[in-house]
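Beneath this line is the structure, given in structure tokens, with notes to follow.
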Amino acid sequence: MRLPRTEGGPDLLRVEQQWLPVLANRLPLPTPIPVRVGKPSSLFEHPWSITRWVEGEPADRAPITSVESAAILAEFLGTLHVRAPVDAPANPTRGIPLAHPQAAVDSAFDVLADHPSLDDARELWAKAVAAPIWQGAPLWLHGDLHPANVVVRNGILSGILDFGDMCAGDPATDLSAAWILLPTDTAPLFFDAYPAADEATITRARGWAILRALSLISIGRNGRLGLLGGKPTWEPAGYAALDRVLAN
């Protein structure tokens, strides 16, 4: 059951309810397709869903270790990344040019204030912002691929969760998963298997990976400190992703 509790949760759930059934049947990995949709009532004030169960452990608790997952993820995203319809949802923080969230990124780097890789991360981010922007048609995106939103069985990527941030835009947002999710040194295997990603798109994807890693570290640190909304398992996942994207 998906029962939204955060302020933005109901809107995210409506996106998943409306659009995931449109795409799920052609996707090559299991997804939490809604099988029942509930409306707000006096018992619960938000929309809610009962979804198909996706077997596996979240990757923030059981990281992907299998090299073959690079090809599995590439097939999934290659299938998902098709031209979106004109009424596909937009997202103010996903699938957009990297220069747009620059103000938020400046403060996001604060979590690396004492980290030895701070300068390298800033340099990679600057290259990504300077790369040519996406000129193609807006493509369908998952929008929120990080370790807590995928599941793993025996070290292999086995399912994709949480489609609330589904939107249309630049595929580089999703392609950051090559470093956020996959084992060290497998990003080249992923891009060899992904149908089409030019140098500019890969450069932007690396920038998105930096941004997503910073977010994971920040939310994870809040969890370690016992702060509201923090998730302690995300901090090591974020640092691991940062190391991977800076390494290759």
Side-chain angles (χ1 to χ4, degrees), residues 1-6 9 12-13 16 20 23-25 27-36 48-80 94 141-166 173-187 189-190 193-194 208-209 212-245 247:
M1 294 187 68
R2 288 175 65 72
L3 300 166
R5 296 180 297 167
T6 62
L12 297 178
L13 190 64
E16 184 174 271
L20 181 55
L23 299 173
N25 287 339
L27 297 177
L29 284 172
T31 60
I33 301 172
V35 296
R36 294 288 187 274
W48 52 275
S49 297
I50 298 174
T51 72
R52 179 174 68 178
W53 180 257
V54 180
E55 187 68 30
E57 290 292 322
D60 60 323
R61 299 179 181 274
I64 296 170
T65 57
S66 168
V67 172
E68 68 185 275
S69 295
I72 293 171
L73 180 61
E75 180 186 10
F76 176 84
L77 290 180
T79 304
L80 174 63
R94 309 286 198 273
L141 309 179
H142 177 279
D144 201 23
L145 288 173
H146 62 73
N149 283 346
V150 304
V151 295
V152 180
R153 298 180 70 182
N154 300 317
I156 301 173
L157 175 64
S158 61
I160 308 290
L161 309 178
D162 198 346
F163 285 74
D165 277 303
M166 284 180 69
T173 300
D174 280 355
L175 297 179
S176 65
W179 299 279
I180 298 298
L181 297 178
L182 296 176
T184 301
D185 297 330
T186 57
L189 297 176
F190 168 83
Y194 182 77
W208 278 106
R212 304 312 302 277
L214 295 177
S215 177
L216 289 168
I217 292 168
S218 179
I219 294 171
R221 183 184 65 175
N222 288 345
R224 174 169 53 84
L225 298 176
L227 301 178
L228 184 65
K231 302 177 188 295
T233 57
W234 291 22
E235 187 175 24
Y239 279 117
L242 181 67
D243 289 343
R244 289 191 292 266
V245 72

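Owing to the predicted nature of the structure, the values given are computational and were not obtained by experimental measurement.
- Here the side chains of L145 and T173 are not in contact, with every heavy-atom distance at 4.5 Å or above.
- For the pair R212 and D144, the minimum side-chain heavy-atom distance is below 4.5 Å.
- Counting heavy atoms from C-beta outward, F76 and L157 have side chains that stay 4.5 Å or more apart.
- A distance of 9.5 Å separates CD1 in I72 from CG in L182, rounded to the nearest 0.5 Å.
- Here the shortest heavy-atom pairing between A62 and V152 reads O-CG2, 3.3 Å.
- The two atoms that bring D174 and G143 nearest to each other are OD1-N, 2.9 Å, heavy atoms only.
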What do the steps show when you test F190 against L73 for side chain to side chain contact (heavy atoms under 4.5 Å, CB included), and what is the final call?
-> CA-CA 7 Å; F190 168 83; L73 180 61; 3.7 Å; yes

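- Between D162 and R2 the shortest side-chain heavy-atom distance falls below 4.5 Å.
- How far CH2 of W48 is from CZ of R36: 9.5 Å, rounded to the nearest 0.5 Å.
- We find the OG1-CH2 distance between T186 and W179 to be 10.5 Å, quoted to the nearest 0.5 Å.
- Residues T6 and L12 have side chains not in contact (no heavy-atom distance under 4.5 Å, counting atoms from C-beta outward).
- Proximity of Y194 to L77: side-chain heavy atoms (C-beta onward) are separated by under 4.5 Å at one or more points.
- Residues P58 and T233 form no side-chain contact, since every pair of their non-hydrogen atoms from C-beta on lies 4.5 Å or further apart.
- In this structure, L20 and P34 have side chains that are in contact, with non-hydrogen atoms separated by less than 4.5 Å.
- For R224, the CZ atom sits in a packed shell: over 12 heavy atoms of surrounding residues, nucleotides or ligands are nearer than 6.0 Å.
- Note: L216 CG to H146 NE2 = 6.5 Å, rounded to the nearest 0.5 Å.
- F163 and H142 have perpendicular rings, their planes meeting at more than 60° on a 0 to 90° scale where under 30° would count as parallel.
- At distances below 3.5 Å, not a single donor-acceptor pair connects side-chain atoms of S218 with backbone N or O atoms of L214.
- Between R244 and P183, the shortest heavy-atom contact is CD-C, 3.8 Å.
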Apply the test side chain to side chain contact (heavy atoms under 4.5 Å, CB included) to residues L13 and S49: give CA-CA distance (whole Å), side-chain angles for both, the deciding distance (0.1 Å), then the verdict.
-> CA-CA 8 Å; L13 190 64; S49 297; 3.8 Å; yes

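- Here the straight-line distance linking atom CE of M1 with atom OG1 of T51 works out to 10.0 Å at 0.5 Å rounding.
- Scanning both residues, A209 and I180, for their nearest heavy atoms gives O-CD1, 3.5 Å.
- In terms of modelled atom types and a separation under 3.5 Å, the side chain of S66 and the main chain of G155 share no donor-acceptor contact.
- The shortest heavy-atom contact between P32 and I160 is CD-O, 3.1 Å.
- Smallest separation of non-hydrogen atoms from A213 and A241: CB-CB, 4.2 Å.
- For the atom pair CG (L80) and CG (L29), the distance works out to 11.0 Å, reported to the nearest 0.5 Å.
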